[in-house]
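As the structure is a computational prediction, the values presented were derived from the model and not from experiment. Every chain is numbered from 1 and lettered A, B, ... according to where its sequence line falls, protein lines coming before strand lines.
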Amino acid sequence: MALPRPRRGSRRRYAVFLAVSVALLVGASVVLQGSLALLAPGTGVWTDAATASWGNETIVLPALEHPVTVIRDGSGTVHIYAQDDPDLFYAQGYTQASDRLFQMEVESLSAQGNLSSWLGPSALASDEMYRYLGVPQAAAAMAAGVAAEDPSVAQDMNAYVAGVNAYIDWAEAHHALPLAFKVLGVQPYRWSLFASFCFDRLMVIGQTTGFTEPLYAAVEAAGVGDAAFNQLFPIYPQYSQNFTVLPGNGTDNGNSLADEGISASDLFSLDWFGSWATGLSDALNASLVPLYRDAIANLSDPYLADLSPSSGVGSNSWVVAANHSSTGTPLLANDPHLPIMLPSLWVSTQLVSPDFDVEGWSLAGLLGVLIGHNDQLAWGLTNSEGATALDYVETLQGDSYLQNGTWHPLSWTNETIRVAGRAPVAFDLAWTDNGPIVARVGDYGLSVRWAGTGATWEAIAELDFDRAQSIPQFFQALADDWSIPNLNAVVAQSNASDPAGHIAWVVPARFPLVAETLPDGQHVDVIGSRGPLNGSGGYEPVGTVPFDQLPQVADPAQGYLFAPNQPTVGPEYAYPFIGSWWDSGGRAHTIGVYLQNHTTMSMASMEGLQANVTDSWSLALAPSLLQTLEALAPASPLAQAAVPYLEAFNGSFDVGSVAATIYTYWWNALVTATYDAPVSALGISGAPSAFPSAYAWLATNDPDSSWFPGGFAHASTLAALAALDLLAAHLGIGPTPSAPNVSGWTWGRVHTFVLPSLTGVSSLAAGPYPEWGDSYTPSVAPFTDNSTFPLQEVAIGSSLRFVTEPGLGPSVGVLPGGASEDPASAYYDDLLPLWLDHQYVSMTIVPTSAGPFPEGVVSTWTLQP
Amino acid sequence: MTEPGPRPRRGPLVVAAGVLVAASAAVAYLVAAWWSIVPLAAVLGGLAGIGLRWYLAPVVGFLSGFAGWAVPLLLLPAEPRTKLADVLGAAEGLSGPFFLWLGPLLIGLLGLLAGCALFCALRLVRPPTAREASTPA
């Protein structure tokens, strides 16, 4: 018997439920599909947890010729042992990509001017900047030319590229791309020589002097007058205790200005903004300020500035000879000051093959080791600040430019930038013989002449000096292939048969020389310029400084060398640095005095000097503040409370210092009122900071300078009152206003440090942490001068710290972060606590994979052909 | 008085449920597409609702979706999983543990809806049981 059908009401109810369920299911699926794809356990973000741990693995990589052993020690250092160089660099590419693929891709894309293809319009201005500088063309030329330049290096680079791509293949096949790719919803580009060379240019650009400095100078000089500008930014700092890297007056390898019959003091007292020096009259310069402003904006990377907003890139390095150390060998220290992010810029690496044994610091995206030591040598790098780029004002007429009295057609390259979510942005970039025109206003353009717009071969130099077995070989590698950027290279040599060894320093950059005719008719070839030069003829480079006449010295009698961005040579140097833009020399002063007074340096004292938080300029300027506070004290209980701290101030910027807080807020108020405000009124941002050393000099030698309306004492008083009021408002003064208590105004409360994430995701950042130091302490922690409360968070500092003997002796280092870019990894930020505490891990060379490894072994990969 | 019918045979259902959850988890991990879980959750929920109690359709649908997504997560190494959940959760303003289970919860929601949908669809096409047929209108 057939059963009756369900009742009509029940059917209707089920039909309604079915319709509602299906509708909700479809709706929720559409809404959630993106999130669910990201959260999928097999392909989404969780695979980063699955791959975060390093284990012992055998990985088949058919491109290898022989097995390669990759050992990761407990500090995250990767030790690679291979039987030939191509296998070595293939493995380096594979392991770097496994730890840093997103970082490599995003940094290379940035320099390619192609970041917008991932990030959309927010990266467009950044992309345009690298296009303006011709980076893609230069990288393409290097990728095409490296095989002809050095077939062996080309083979090594191609092996590295293949290793990176082998990892990309694996990661894509296993849904194991790094987290950031999944969060951003992007896929990696295939790695290439072009990608590596673009990244190379990114690093070079960040270290190049001469792009914007002459432009800022011209705008400021037009606004405040040449004399006032020169007071704050003299070519050579006036401060009486300046040290140069090259001991002495600048005579280098026996050459000096005096040999040419030129008086250095006369030469540096000239107005180098003058039309005789630049080919541009003051009136024309003033009318070109809008052009200079545009060029400054176009030569700035806003994406990087947003990620890491503090200024003050610099570096420390010093080396002591055996007779200045307690170990009987030379010792070397280096800590490059760069924007600090997660992941760290550097990759701690040891590379071993039959003709390669080097340990140190690689850059993710490039093969080899840039800073480190091998079995004979140790070396470090800092910025030398001399100009390797020149700015030219071009006279234009339609599509032509004027040169030597005749009109020439501009060259053009078409730049097309892909923008995620939008139509591509295309523009034509004009070039003159000097270089790309980065800004144009009416009939004038601003071009940049820079070796980096063409092929240069620092990548070859790096592999050559990694292999060098002596200082002459190290120098030869630089002489053959290093052109840019402007760097100091300090190097030490030691081995078992000659433990005392040698120390040396050179500035290997190929500085372009401009032939100048001085007002008295004398001729001299100079490096750089104070402002932009006339591009229509007469000021083009006539050559570069020959390598053997570059600033350099070996085994100086004083027994040590130090190169933390101060003037490299004294005024007698035969090729005057007119576009030098030296650092203030504050760190150099502290380091130099320390090395003078400590003749038996040890590894521990080298480490201690890296941790030094003494600001020499504060010692020079704080007496002015103390004088001001003492004058205010009778009427101001707050000033009275501050006086004892300033009286006891020893220049130490430790986190517990109250005097450091009061001094800094006073200095910020002073410089904001007297320098920043008038410069901001000129319509420029990001101008170089004025140095306390210059203010200290002016306070004594010209207290009525035009920078101080009403005099320095008046400016100091206003600044002190503003600073004390600001601090009292934010940090409090205790329960009794008539007897304020300022003991809680400690430096660590107002001065903090953060590590932003390269992804820009705030939760992936680390910090803030209370931080020691300031812009002028060897353990550096710079912040942008301002009067806000609290101070802008510090995001620049020692991107690595490295102290070493040359050769196989003790070696230590640390970086602010870890080996991996994966936030799920235990090696994402594991070294940060050590870095914050000025502690180190071993960087001693381990000659064979059998060890022992001082930091232990975390994992072993066997890479099989 | 109606004769009680034979008691449902639950053993095979439990086995089937286990197999489907395992299959669901395997699919989640291997195919790793959310839509691969939903049909399994629908079948499981729909059958449970039809074969046992109506309210089991959403419950089993939810649980099978949740379990299918959660099991692979639980197989991940615990420390990096927790660290990653904390980091990613913070980016979204969520606690780490909640972020960790967000995926299973969402898939469970889809499983619930799918289970209900299949249950209702089966109800529309399936002949009523003897008990239903004998129930007064």
How close do [X] and [Y] get, counting heavy atoms only, and between which atoms?
X	Y	answer
A:Ala49	B:Leu84	N-CD2, 3.7 Å
B:Leu113	A:Ala28	CD1-CB, 4.5 Å
B:Leu76	A:Ala50	CD2-CB, 3.4 Å
B:Gly103	A:Leu36	O-CD2, 4.1 Å

How long is the span from the [atom1] atom in [X] to the [atom2] atom in [Y], to the nearest 0.5 Å?
X	Y	atom1	atom2	result
A:Phe17	B:Phe119	CZ	CZ	9.5 Å
A:Leu25	B:Leu118	CG	CG	11.0 Å
B:Ile107	A:Leu32	CD1	CG	8.5 Å
A:Asp822	B:Lys83	CG	NZ	8.5 Å
A:Ser35	B:Leu102	OG	CG	7.5 Å
A:Lys182	B:Leu88	NZ	CG	10.5 Å

Per-residue contact mode, B:Leu112 against chain A (heavy atom under 4.5 angstrom) =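 Contact with chain A involves no heavy atom of B:Leu112 at all.
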ask   = Which region of B:Ala78, side chain (C-beta onward) or backbone (N, CA, C, O), has a non-hydrogen atom less than 4.5 Å from a non-hydrogen atom of chain A, or is it both or neither?
value =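 The answer is neither part of B:Ala78.
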ask   = Above 12 or not: heavy atoms from other molecules or residues under 6.0 Å from CD of B:Glu79?
value =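 Incorrect, the count does not exceed 12.
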Is it the backbone or the side chain of [X] that comes under 4.5 Å from a heavy atom of chain B, or both, or neither?
X	answer
A:Val16	neither
A:Ser53	side chain
A:Leu38	neither

ask   = Taking every heavy-atom pair that is under 4.5 Å apart, which of A:Val761, A:Val22, A:Leu24 has the most such pairs with chain B?
value =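 That would be A:Leu24.
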ask   = Aromatic rings A:Trp46 and B:Phe99: how do their planes relate, parallel, tilted or perpendicular, breaks at 30° and 60°?
value =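 Tilted: the ring planes of A:Trp46 and B:Phe99 meet at 30° to 60°.
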query = Which of the residues B:Pro104, B:Ala117, B:Ala85, B:Gly115 is involved in the greatest number of heavy-atom pairs with chain A at under 4.5 angstrom?
reply =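 Between B:Pro104, B:Ala117, B:Ala85, B:Gly115, the count favours B:Ala117.
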